[in-house]
Amino acid sequence: MRLSQLFFATLREDPVEAEMPSHRLLLRAGYVRQLGSGIYSLLPLGFRVNQRVEQVIREEMNRIGCQEMEMPVVHPADVWRRSGRYTDVGPELARFKDRGDRDMVLAMTHEEVVAGLLADLVQSYRQLPVLVYHFQTKFRDEPRSRGGLIRVREFVMKDSYSCDRDDAGLDVSYWKHHAAYTRIFERLGLHAIAVSSDVGMMGGSLAHEFMVLNPAGEDVLVLCEACGYAANRQVAVAPKPAAPDEAPLPREDVATPDTPTIADLARFLEIGEDRTAKAAFFTTGDGRLITAIVRGDFEVNETKLVNAVRAIGGIRPATVDEIKAAGMEPGYGSPIGAHDTTIVVDDLVARSPNLVAGANRVGYHARNVNAGCDYSADVTADITNARHGDPCPECAGPVVLRNGIEVGNIFKLGTKYTEAFDATYLGEDGERRPIVMGSYGIGLGRAVACVVEDHHDDKGIAWPDEVAPYAGHLVALGATKEPQVAEVADRLHGIAAAAGREILYDDRDESPGVKFKDAELLGMPWILTVSPRSLAAGGVEVTRRATATRSTVPVADVERLLAEGLPAGDLPAGELTAV
RNA sequence: CGGGGCGUAGCGCAGCCUGGCAGCGCGCGUGCUUUGGGAGCACGAGGUCGUGGGUUCGAAUCCCACCGCCCCGACCA
């Protein structure tokens with residue numbers, strides 16, 4: 001592909017709106033352009049990267065026996081009503097009416113469609129298991145897109161679905177996907193780690209997210225370097241320290257002016273935050289007020305809290321009025337004397353004697369508050385976030401907290417969708433049973449962005465061989481002055497093209513500086529420089545983009561390399577005659 | 001949805017406070033020179049100053065409304 005013909009443009013300066021390296025470089029190097037918030041066009045280079053990623057995923061999905069198909073983007077709303085998601089999912093599900101005034105949706109995923117197809121096609125246990133997948137555009141009207149391609153509203157996703165006779169079959173399909181995902185991310189050059197994750201309200205029993213460590217990641221991971229424990233903080237078990245062995249003392253109020261935060265309170269009373277109880281207030285989607293009590297030195301984990309109270313429609317922070325209506329005072333709140341609220345007490349607070357808690361009066365707290373005596377819990381559960389340095393739940397070693405970007409997830413769904421769509425089969429024993437499903441996703445654009453995050457330097461992108469849009473970037477210098485340069489470069493380009501292994505060819509009439517800068521920005525794994533100087537030195541200068549290792553290789557050897565395909569990794573020593 | 005910021009040439013920005021010819025750098029076009037690290041000279045093209053309304057003799061500039069984009073938060077089966 002001649003750069004003089006390629007539909008692209010590089011930017012000399014950083015676009016203001018781009019903060020993450022992947023966003024900045026993909027824009028600057030001419031891989032993508034933004035159309036609207038969270039909506040991007042893939043330019044030819046970006047499209048080729050997407051195709052390469054797609055091909056890696058396709059090969060690995062096929063390898064586990066997953067069959068490629070395609071399902072529609074636009075669905076009649078009735079399909080989503082049948083599963084209940086038409087009302088369960090919030091405004092991120094885009095809805096519209098067609099010309100016949102029928103309700104329609106833009107699909108976020110395809111569980112419903114798969115379940116409907118199963119009901120249509122599968123009669124007997126002999127037809128199971130089935131694994132299917134497709135690459136399809138998803139639209140999710142996210143409240144806020146961010147980070148370039150990291151969080152967008154429209155994106156292509158590989159989603160696959162396993163359909164099994166029973167839980168044992170699901171388990172096999174699930175771990176097949178786990179293995180396939182591990183191979184996929186390895187081939188893409190991503191160090192993805194599988195962490196256990198929230199199964200949410202889907203009634204699923206097991207879920208993993210594949211995470212790439214990144215400081216800008218939106219998820220917090222709890223990792224143990226000693227034993228390999230890895231979990232999303234949303235679900236990471238938080239082993240708690242021992243509570244002091246004290247007899248409960250009688251409660252007494254104490255004046256604590258201007259101490260609305262735990263830090264203020266601990267400083268005022270000259271006690272540790274671990275001797276306080278913190279109240280946090282939330283309202284569920286169906287209007288219940290939740291009062292969560294954790295020890296002052298811990299944070300409430302909202303996912304755990306949602307699961308503990310089986311909140312319908314999730315939770316949001318409660319308003320001041322809602323808190324006061326239940327007889328509590330924000331900043332000085334506690335469940336003492338509260339009414340019309342569900343009290344959820346963290347397991348550590350439940351066994352910690354004589355804590356300082358709010359007195360539900362501005363400027364006052366209560367000493368020696370004891371759960372079970374001074375108030376009673378509706379639910380007692382682990383509802384705190386694991387903290388940096390906390391003991392690992394598996395091996396008790398210290399855990400570390402890291403941010404991560406979710407590039408894939410695997411999820412045991414169960415029978416929620418197949419039951420809704422009456423997707424059953426007749427078993428060997430003549431019994432009719434619902435098919436057991438799992439669903440598995442990988443966001444392509446996000447994976448591409450993560451690859452750039454992990455494979456770039458201050459000059460630009462350095463694509464891994466498996467995802468590079470072209471293996472080589474041929475730079476011709478001084479071609480107008482020295483006809484032999486143009487002749488050699490044209491021939492090399494032609495040989496690669498004829499072999500079906502096209503390379504980029506910078507045939508533009510630009511200065512050497514511009515060409516080198518662009519080659520480094522675009523990031524093909526191999527940069528081949530032909531110039532009067534290189535020819536005088538004996539051939540073509542061959543540079544590995546990622547390592548900047550450079551050698552001069554005879555033209556004949558380069559011709560052979562291009563015909564056979566440029567190698568992945570460094571030049572094989574000895575195979576080539578470096579000059 | 002709450003908080004903050006921004007919208008002026010293809011890109012990056014100045015001008016706005018204090019109203020009075022719409023500018024700078026890069027890029028783009030033509031010509032000549034140049035050719036191993038974002039070249040030089042000359043000439044030139046390119047703008048509904050996000051949109052609508054208001055104030056004013058006069059609005060990029062002041063006021064109101066709206067739209068869009070970015071960041072933080074909320075949200076994210």
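Chain identifiers are assigned alphabetically (A, B, ...) following the order of the sequence lines, protein sequences preceding nucleic acid strands; residue numbering begins at 1 within each chain. Hydrogens, waters and symmetry mates are skipped; everything else that's a heavy atom, side chains included, is used.
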Participant: Which residue lies toward the 5' end of RNA chain B, A/Q34 or A/E92, if each is placed at its nearest nucleotide?
Facilitator: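 That would be A/Q34.
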Participant: Taking OP1 and OP2 of B/G68, is either one under 4.0 Å from a side-chain nitrogen or oxygen of A/S37?
Facilitator: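 Checking A/S37 against B/G68: no side-chain N or O falls below 4.0 Å of OP1 or OP2.
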Participant: Rounding to an integer number of Å, can you tell me how far A/R144 CZ sits from B/C69 P?
Facilitator: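 After rounding, the gap between these two atoms is 13 Å.
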Participant: Is A/G147 touching bases, backbone alone, or none of the nucleic acid, heavy atoms closer than 4.0 Å?
Facilitator: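 Sugar-phosphate only.
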Participant: Just jot down the side chain to side chain contact (heavy atoms under 4.5 Å, CB included) partners of A/A318, sequence neighbours excluded, or say none.
Facilitator: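 For A/A318, the residues satisfying side chain to side chain contact (heavy atoms under 4.5 Å, CB included) (neighbours in sequence not counted) are A/F281, A/T283, A/L289, A/E322, A/I323.
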Participant: Would you mind reading off the distance between A/F8 atom CZ and B/G27 atom P, rounded to a whole angstrom?
Facilitator: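 The answer, rounded to whole Å, is 15 Å.
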Participant: Rounded to whole Å, how long is the line connecting atom CG of A/D198 with atom P of B/A77?
Facilitator: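 Rounded to the whole Å, the gap is 9 Å.
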Participant: In terms of side-chain heavy atoms, does A/Y40 have a donor or acceptor partner in A/H23 at a distance below 3.5 Å?
Facilitator: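 A pair is found: one side chain offers a donor N or O, the other an acceptor, under 3.5 Å apart.
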Participant: With sequence neighbours excluded, what pairs up with A/R24 under the salt bridge (Lys or Arg N to Asp or Glu O under 4.0 Å) test?
Facilitator: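 Counting only residues at least two positions away or on another chain, A/R24 forms a salt bridge (Lys or Arg N to Asp or Glu O under 4.0 Å) with A/D14.
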Participant: Under 6.0 Å from the six-membered ring centre of A/Y86 and within 45° of its axis: does the NZ or CZ of A/R95 meet both?
Facilitator: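 Yes - A/R95 lies over the ring of A/Y86, closer than 6.0 Å to its centre and within 45° of its axis.
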Participant: Do A/R85 and B/A77 share a donor-acceptor pair, side chain to base, under 3.5 Å?
Facilitator: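 Yes.
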Participant: Among B/A77, B/C70, B/C75, which nucleotide has an atom closest to any side-chain atom of A/P317?
Facilitator: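 The answer is B/C75.
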Participant: Is there a donor N/O on one and an acceptor N/O on the other, under 3.5 Å, for the side chain of A/E13 and the base of B/G25?
Facilitator: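 Between B/G25 and A/E13, which were checked side chain against base, a qualifying N/O pair under 3.5 Å is present.
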Participant: Select base, sugar-phosphate, or nothing to describe what A/S197 touches, counting heavy atoms under 4.0 Å on all strands.
Facilitator: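 Contact class for A/S197: none.
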Participant: If you only use heavy atoms from C-beta on, which nucleotide in B/C72, B/A77, B/G12 is closest to the side chain of A/E17?
Facilitator: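 Nearest listed nucleotide: B/G12.
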Participant: Whole Å only: how far is the CZ atom of A/R508 from the C1' atom of B/C28?
Facilitator: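 Going from A/R508 (CZ) to B/C28 (C1'), I get 14 Å.
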Participant: Who does B/C26 pair with, Watson-Crick or G-U, both distances under 3.5 Å?
Facilitator: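 Base-paired to B/G10.
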Participant: Under 6.0 Å from the CZ atom of A/F96, do we count more than 12 heavy atoms belonging to anything else shown?
Facilitator: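 Yes, because the 6.0 Å sphere around CZ of A/F96 holds more than 12 heavy atoms from other groups.
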Participant: Assess the side chains of A/S162 and A/H177: does a donor N or O sit below 3.5 Å from an acceptor N or O?
Facilitator: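 Note: A/S162 and A/H177 side chains miss the donor-acceptor criterion.
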Participant: Mind checking A/G36 for me? I need base, sugar-phosphate or nothing, with any heavy atom below 4.0 Å counting as a touch.
Facilitator: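 Result for A/G36 = sugar-phosphate.
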Participant: Taking for each residue the nucleotide of RNA chain B bearing the nearest heavy atom, is the 5' side occupied by A/G38 or by A/P143?
Facilitator: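 Upstream on the strand: A/G38.
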Participant: Protein within reach of the bases, or only the backbone? For nucleotides 31-40 of chain B, mark each nucleotide 5' to 3' as B, S or -, using heavy atoms under 4.0 Å.
Facilitator: ----BBBBS-
Participant: Please work out if A/L35 contacts a base, only the sugar-phosphate, or nothing of the nucleic acid, heavy-atom cut-off 4.0 Å.
Facilitator: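 The residue A/L35 makes no contact with any strand.
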Participant: Are A/R545 and A/W526 in a cation-pi setup, meaning NZ or CZ lies under 6.0 angstrom from the ring centre and within 45 degrees of the ring axis?
Facilitator: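 Here A/R545 fails the 6.0 Å and 45° test against A/W526.
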Participant: May I ask you to say what A/V16 touches in the nucleic acid, namely base, sugar-phosphate or nothing, with a heavy-atom cut-off under 4.0 Å?
Facilitator: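 The answer is sugar-phosphate, as A/V16 gets under 4.0 Å only of primed atoms, P, OP1 or OP2.
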Participant: Starting at CG of A/N214, measure out to CZ of A/R402 and round the result to the nearest 0.5 Å.
Facilitator: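 These two atoms lie 12.5 Å from each other.
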Participant: Using a heavy-atom cut-off of under 4.0 Å over every strand shown, decide if A/T109 touches base, sugar-phosphate, or nothing.
Facilitator: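 Answer is base: heavy atoms of A/T109 come under 4.0 Å of a base.
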